[in-house]
Structure formats: C-alpha cells, structure tokens
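What you see below is based on every heavy atom in this structure, not just the backbone, and it leaves out hydrogens, waters and symmetry mates.
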Amino acid sequence: MQFKIIPHFRSMIWGNSDINVIFELENEMPIGEIWLLSGHPLYETKLENGISLNEFGRSIYDSKYERFPILIKLVSTKQWLSVQVHPDNDYANSFEKEPWGKSEAWYFLTDGEFAICEDVDKMKEYINNGKMDKLNEVMTFVKVRKGTFVNIPAGTVHALGPNSTVIEVQQSSDLTYRIYDWGRPRETHIEKAVQVSRNIKLSDIIFENTETLQTPYFTFSTALSERIALVVEIPTRITKNFCAKIFLNETVDNLSEKIYVYDFL
C-alpha cells in the first residue's frame, strides 16, 4: 500500500519566495518550510484519504510512541537561519516534558551553506563577555554541493545558510534554543542553549559522495538496496505536486530524483 501525504506550508522570516511561486501561494511572507510528514501537535499532516499521520502510526505500532517518531520537512532559505541548538532526549524529558529531543539531518537539494560551532567553550566565553554580535568568529562556515548529507546530532550549535534548499529529517520535536539571530529582534534562549550545547567536529557530520546516512533515529538514503516494510519517499525535484509518500509492505521503485527515509520505528 502507498499513501500520499498532504503537505503543510509554513511562512518564515528567512524563507524563499520562489517556493510561493512554484506552489502558486499568495502568502504575504515567503515560505520557509514545507512540513511533508508530521505527527507533531504544532501541525499534524494527513494522508490523502483524510486519516491523520498519528492515526496511521497507531495502526502499525500500537501505542509504542506518543506520536509519529519522525518529522520531515523541505526547508528553503534566502537568509541565514538563527544560530541555534536542540536538546537531546534526556534534557527534553527532564526539562521540557517532551518525549524526544531533536537530532536531525539534511540532504542538500541545491548547493548551499551552513555553519557550526566546533568549540562550545569559546562560544560561552563570547556570550559571557557580551560579544554576541561577534559570534560568527567562533563559527565554522561551510559551502556544500548539491547531494551532500549533513548530520546534526542534538547539542550541535548550527545555522543553515541562505540560498540553501534541504530535505530535513528529524525526531518529532520542535525544541529549538535560539542563540543569535543576525540582528533580527526575535527571542533567544541563551541559558538553555548553553546547557545543551556540545563540541562537534565538522568532519564527523558532513558526508559527500555517499548515498546513505545512518543515524540512531532513522536512515536517509538516495537508493534502496532491499525491500523494507515501511519507507517514506520524497522527491528531490520541487514541482507544484511535491509531497511525501509512505510505502507500507510494498516494493518501492528505486528511482532517480527520489530520497528515502526508513528505520525509524
């Protein structure tokens, strides 16, 4: 069986108005995110037959999860996203009463850019010394080619750059602690951010010239080498009909211009 998922469009201050044009949307603000698959209460997607994703999930895993365990988005930018960090499961459970923290991964559909902080102690020095406007000095900036995977484990201080379009797969969480927002007057969450941030090496999270990225929470791949009981398929070419599909106990055509997510239950 296969099920088409109805996408949800989310306007963001840093979004890409090209997405509005492709989907013929009249939103005043540019679209930054398309939620392709979500059981999160902020917005729960539905299957084409009207069943919610969580209803579908309960039919295959009973009560094992509070909600569908992964969330998949298309993210498209014209500006830098904030410098931010996400908590891990333990912190989310203890301090946010949430079932999961937020580890995520990106697959770049275009050439793009991102930044991470590899030295959290240096970042804390800048914060403590009131040098937030110079935080870029402790960030590592990276330009990447189309087809690159980037793994962003919980605790990684990061920012997605402008003119970047990615498929983002993450745990089903919206916990984001904003550290710096490039002069935009949005709320920050410095105390929590400092508590959850940890050092990360760029070489440990960037994967070029590969077709598969495995994380503890899901596998993300441009190809399938075997039949898998439950697979989410996402196109890598954006058209007006762009959406995700769930394949349940069905052979998936291993096609180009597709990406697959599995091993998340």
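Taking both residues in full, the closest heavy atoms of W14 and R184 are given as CB-NH1, 4.1 Å, listed atom of the first, atom of the second, then distance. Across all non-hydrogen atoms, the minimal contact from V157 to S197 is CG2-OG, 3.3 Å. Here the closest non-hydrogen pair linking I31 and N27 is CD1-ND2, 3.7 Å. The minimum heavy-atom distance between G39 and S172, with the atom names listed, is C-OG, 4.4 Å. Across all non-hydrogen atoms, the minimal contact from K73 to L36 is C-CD1, 4.0 Å. Across all their heavy atoms, G161 and T77 have their closest contact at O-OG1, 2.6 Å.
Using cut-offs of 30° and 60° on the angle between ring planes, the pair F149 and Y107 is tilted. Relative orientation of the F114 and W106 rings is perpendicular, given thresholds of 30° and 60° on the angle between their planes. Between H8 and W35, the ring planes are perpendicular. Angles over 60° get that label, and only those under 30° would be called parallel.
To the nearest 0.5 angstrom, T210 atom OG1 is 12.0 Å from F220 atom CZ. With rounding to the nearest 0.5 angstrom, the CD1 atom of I246 is 11.5 Å from the CD atom of E233. Within the model, atoms NE2 of H86 and OH of Y177 stand 10.5 Å from one another, a figure rounded to the nearest 0.5 Å. The line from CG of L135 to SG of C117 is 7.0 Å long, rounded to the nearest 0.5 Å. Expressed to the nearest 0.5 Å, how far NZ of K258 lies from OG1 of T222 amounts to 13.5 Å.
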Subject >> Worked verdict on Q170 versus H40 for side chain to side chain donor-acceptor pair (under 3.5 Å) >> reply: CA-CA 11 Å; Q170 60 176 81; H40 193 276; over 6 Å; no

Subject >> Evaluation steps, side-chain contact (heavy atoms from CB on, under 4.5 Å), between R10 and L42 >> reply: CA-CA 11 Å; R10 195 175 182 195; L42 184 62; 3.5 Å; yes

Subject >> CA sep, side-chain torsions, deciding dist, call: W100, K102, side-chain contact (heavy atoms from CB on, under 4.5 Å) >> reply: CA-CA 6 Å; W100 298 294; K102 185 177 173 183; over 6 Å; no

Subject >> I190 vs I179, side-chain contact (heavy atoms from CB on, under 4.5 Å): CA-CA, chis, key distance, verdict >> reply: CA-CA 6 Å; I190 303 299; I179 300 169; 4.1 Å; yes

Original post:
Are E24 and K240 close enough, and set up right, to give a salt bridge (Lys or Arg N to Asp or Glu O under 4.0 Å), and what steps lead you there?
Top reply: CA-CA 8 Å; E24 300 176 5; K240 185 180 177 181; 3.0 Å; yes

Subject >> Worked check of side-chain contact (heavy atoms from CB on, under 4.5 Å) between I238 and I34 >> reply: CA-CA 11 Å; I238 305 171; I34 304 177; 5.6 Å; no

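Proximity of a side-chain donor or acceptor of N16 to a complementary backbone N or O of P30 within less than 3.5 Å is not detected. Side-chain atoms of N89 come within 3.5 Å of backbone atoms of G101 as a donor-acceptor pair (strictly under, hydrogens ignored). Of the possible donor and acceptor atoms, one in the side chain of T110 sits under 3.5 Å from a partner among the backbone N and O of T165. Judged purely by atom type and a 3.5 angstrom limit, T156 has no side-chain atom pairing as donor or acceptor with the backbone of A154. T215 places a side-chain N or O within 3.5 Å of a backbone atom of Y217 that can act as its donor or acceptor partner. Under the 3.5 Å distance criterion, the side-chain polar atoms of D111 are matched with a main-chain donor or acceptor of K146. Without hydrogens or angle criteria, S173 side chain to L175 main chain gives a donor-acceptor distance under 3.5 Å. Within the 3.5 Å criterion, the main-chain N or O of T45 finds no donor-acceptor partner in the side chain of S38. Of the possible polar contacts, none joining the Y180 side chain to the K134 backbone as a donor-acceptor pair under 3.5 Å is found. Proximity of a side-chain donor or acceptor of D88 to a complementary backbone N or O of Y91 within less than 3.5 Å is detected.
Heavy atoms of other residues, nucleotides or ligands lying less than 6.0 angstrom from CD of E191 number 12 at most. More than 12 heavy-atom neighbours from other residues, nucleotides or ligands sit within 6.0 angstrom of NZ on K124. Around atom CD of E55, more than 12 heavy atoms belonging to other residues, nucleotides or ligands sit under 6.0 Å away. Remark: N209 CG is loosely packed, at most 12 non-hydrogen atoms of other residues, nucleotides or ligands lying under 6.0 Å away. The number of heavy atoms from other shown groups lying within 6.0 Å of CZ (R237) does not exceed 12.
Using a 4.5 Å heavy-atom threshold, the side chains of L47 and I6 count as separate. Residues R198 and P153 meet the side-chain proximity criterion, which asks for heavy atoms closer than 4.5 Å. Taking 4.5 Å as the limit, some side-chain heavy atom of S221 sits within range of a side-chain heavy atom of Y262. Counting heavy atoms from C-beta on, the side chains of I19 and L74 come closer than 4.5 Å. No side-chain heavy atom of P87 sits under 4.5 Å from any side-chain heavy atom of K192. At a threshold of 4.5 Å between non-hydrogen side-chain atoms, the residues D119 and V138 do not count as touching. Two residues are said to be in side-chain contact when any heavy atoms from C-beta on lie closer than 4.5 Å; V169 and V232 fail this criterion. Side-chain contact between R186 and I13 is present, with at least one heavy-atom pair separated by less than 4.5 Å.
A ring-centre distance under 6.0 Å is found for W80 and F141.
If you chain together hydrophobic residues whose side chains sit under 4.5 Å apart, L213 and I167 fall into the same group. Under the 4.5 Å side-chain heavy-atom criterion for grouping Ile, Leu, Val, Met, Phe, Trp and Tyr, I200 is not connected to V85 through any hydrophobic cluster.
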